[in-house]
Amino acid sequence: MSAILDADFIARANAPLAASLERDYAALGEQLERRGVAIDTITGQVSGFAVALPSWAVGTGGTRFARFPGPGEPRNVFEKIQDCGVVHALTASTPTVSLHLPWDRATDYTELRQYATTIGLGFDAVNSNTFQDQPGQQHSYKFGSLSHSDRAVRTQAIEHNLDVIRIGQLLGSHALTLWIADGANFPGQQHLARAFERYLESAARIYAALPADWRLLIEHKMYEPAFYATVIQDWGSSLMAAQTLGPKAHCLVDLGHHAPNVNIEMIVTRLIQAGRLGGFHFNDSKYGDDDLDAGSIHPYRLFLIFNELVDAQWRRVPDLRPAHMLDQSHNVTDPIESLIASATALTRAYAQALLVDRQRLDELQTDNDALMASQLLQQAHASDVSPILARARQQRGAAIDPLQAYRSSGYRARAAADRPAQQRGRAGII
Ligand code: LRH
Ligand code: MN
C-alpha cells in the first residue's frame, strides 16, 4: 500500500481549517494572557508530549464472549506498525510503538526497525507474555509463570523474558514491561507469601539480564484472570518488588487495574515520592479492566493524574521520566480512530494541567482555602485547549482535525481492499 498519508494530503486537509484555527488560537491566547499564561509557551510544551501506541490495539479487540473483526485488520506486525504510522502522521504525538511478544514475533527485527524508521516510528517498552501457552510449549502457565511452584515452569518463563529483552535490544527499546497473570481463584489454592518470594527470585534473574540503560516496568493488577488473589495485585506489591530488585526496577500504572473509585493520582504521587514511577498504561474503565479509550469515562481523573505529573515537574523531582503508553482494546470502534482520540485526550489533559497556576495553588493549599484550590483545578480542566492542541499538530506537519482527516483519507477502505479478511472467529482480546 502507498505511503501512509503523504504530507500533501494533510496540508490539503488543513487548508480549509487554518483560518478559523488562527482566530480561535488568538482568542484563547488573549484569554490566557489575562490569566497570566503565555499560550505559545504551553503550545511549545504540548509539542513535546508523546505517548506510545500498543501494537495489540490496532486490530479489533474482543471479550471472552466474542470479537467482531472490522475491515482491513492488520495481519502481521508490519501492518500493525503501518497503522500506528497513520496515527502518528495525523497527531504527531505517538512516535513510538510498544510491541508484545510473541504476538508480534517477526523473522527479522532489524528489518522491522528499519521499516518503522521509514514511517517515523521507534519502539518503546517491549512486553513479555507468560499468561498464554504457545503451541509446542513444554510447560503450561495454567497455574502461573514466574511464581509457579515448579522451578521448570519458572525457568521457562524467565527464558522467555530474556528472549524478549534480546528482541527489544534489536528494536532499540529501553524497557521491559512485566505483567504476569499469576494468582489464585480460591483461598488456600496458593501460599500468598511463598508465591511472591518465588516471583522475586525469578524477577531477579530477569533484572540481572537488563542492559545498563534499561528499566524493568512492573505492572500490577487487582484481578483477572485470577479472581481471588494476584501475585502483583497492587501498587504496594509492585513497589516492594521494585525496591527489592534494584534501581532499574520501576512501577507501571495501568489505569484499569484498580478497583472503581481508587484514587489513582494519589498512587502516582506516592510512586513519584518513592522515585519508582516507571510509566503508565493509559485507558479508561467504568467497572473492571475495560480497556476503554483514555478520557472517555473519567476525563477529570485523567486530568488529575497529569496535574500530579506537572506538579512534580514544577517541584523539579529528579529523574522523573515515566513512559507514557496506551493499553486499550477497541471492540466497537475503528482502532485507529480510538487511538487518535485517546492520544488527543492525553495531550488535552497534559495541556490543561499546564494551565494550573502552581504558585497560586500552593498559597491556597497553605491557607487551607479548599474551595478556591478546588476551583483552580476545575477552571484548568474546564479550559478548552483545542486550539493549542491543533496548533501543536499543525506546527509539526500533522492534522488540525486528525479524526476528520483520517475519515476523509479513505485509509480504512484502502486497507480493507488490500488486506483480505481473515477467518479468526475465536473470542479474546486479539
Ligand atoms: C493486562 C494488560 C497488560 C498487557 C495486556 C495486553 O491486563 O494490561 O499490560 O500485557 O493487558
Ligand atoms: Mn496494561
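Ligands are counted one by one from 1 in listed order, and the atoms in each one are counted from 1 as well. Note that the coordinates shown come from a computational prediction; the quantities given were computed from them, not determined experimentally.
Ligand 1 has a nitrogen or oxygen under 3.5 angstrom from a nitrogen or oxygen of Asp289. Geometrically, ligand 1 and Trp103 share no nitrogen or oxygen pair separated by less than 3.5 Å.
Salt-bridge check for Asp362 with Arg358: failed, with every basic side-chain N at 4.0 Å or more from each acidic carboxylate O. Electrostatic pairing of Lys221 and Asp327 does not count as a salt bridge here, judged by no charged N lying under 4.0 Å from a carboxylate O. The existence of a salt bridge linking Arg301 and Asp284 is confirmed by a sub-4.0 Å separation between a basic side-chain nitrogen and an acidic carboxylate oxygen. With respect to Glu224 and Arg64, no salt bridge is recorded, no charged nitrogen being found less than 4.0 Å from a carboxylate O.
Among the backbone and side-chain atoms of His257, none of the N, O or S atoms lies under 2.8 Å from the Mn ion (ligand 2).
Between the OD2 atom of Asp254 and the OD2 atom of Asp327, the angle centred on the Mn ion (ligand 2) amounts to 90° when rounded to 10°.
Under the 4.0 angstrom criterion for non-hydrogen atoms, Glu224 is not in contact with ligand 1.
Nearest to atom 2 (C) of ligand 1 by heavy atom, out of Asn129, Asp291, Asp327, is Asp327.
No part of Asn127 comes within 4.0 Å of ligand 1, judged by heavy-atom distances.
Residue-ligand proximity, His281 to ligand 1, at heavy-atom distances under 4.0 Å covers atoms 9 (O).
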Kindly determine whether Phe303 and Phe306 satisfy ring-ring contact (aromatic ring centres under 6.0 Å, His included), including the steps that lead there.
CA-CA 5 Å; Phe303 162 78; Phe306 278 93; 9.1 Å; no
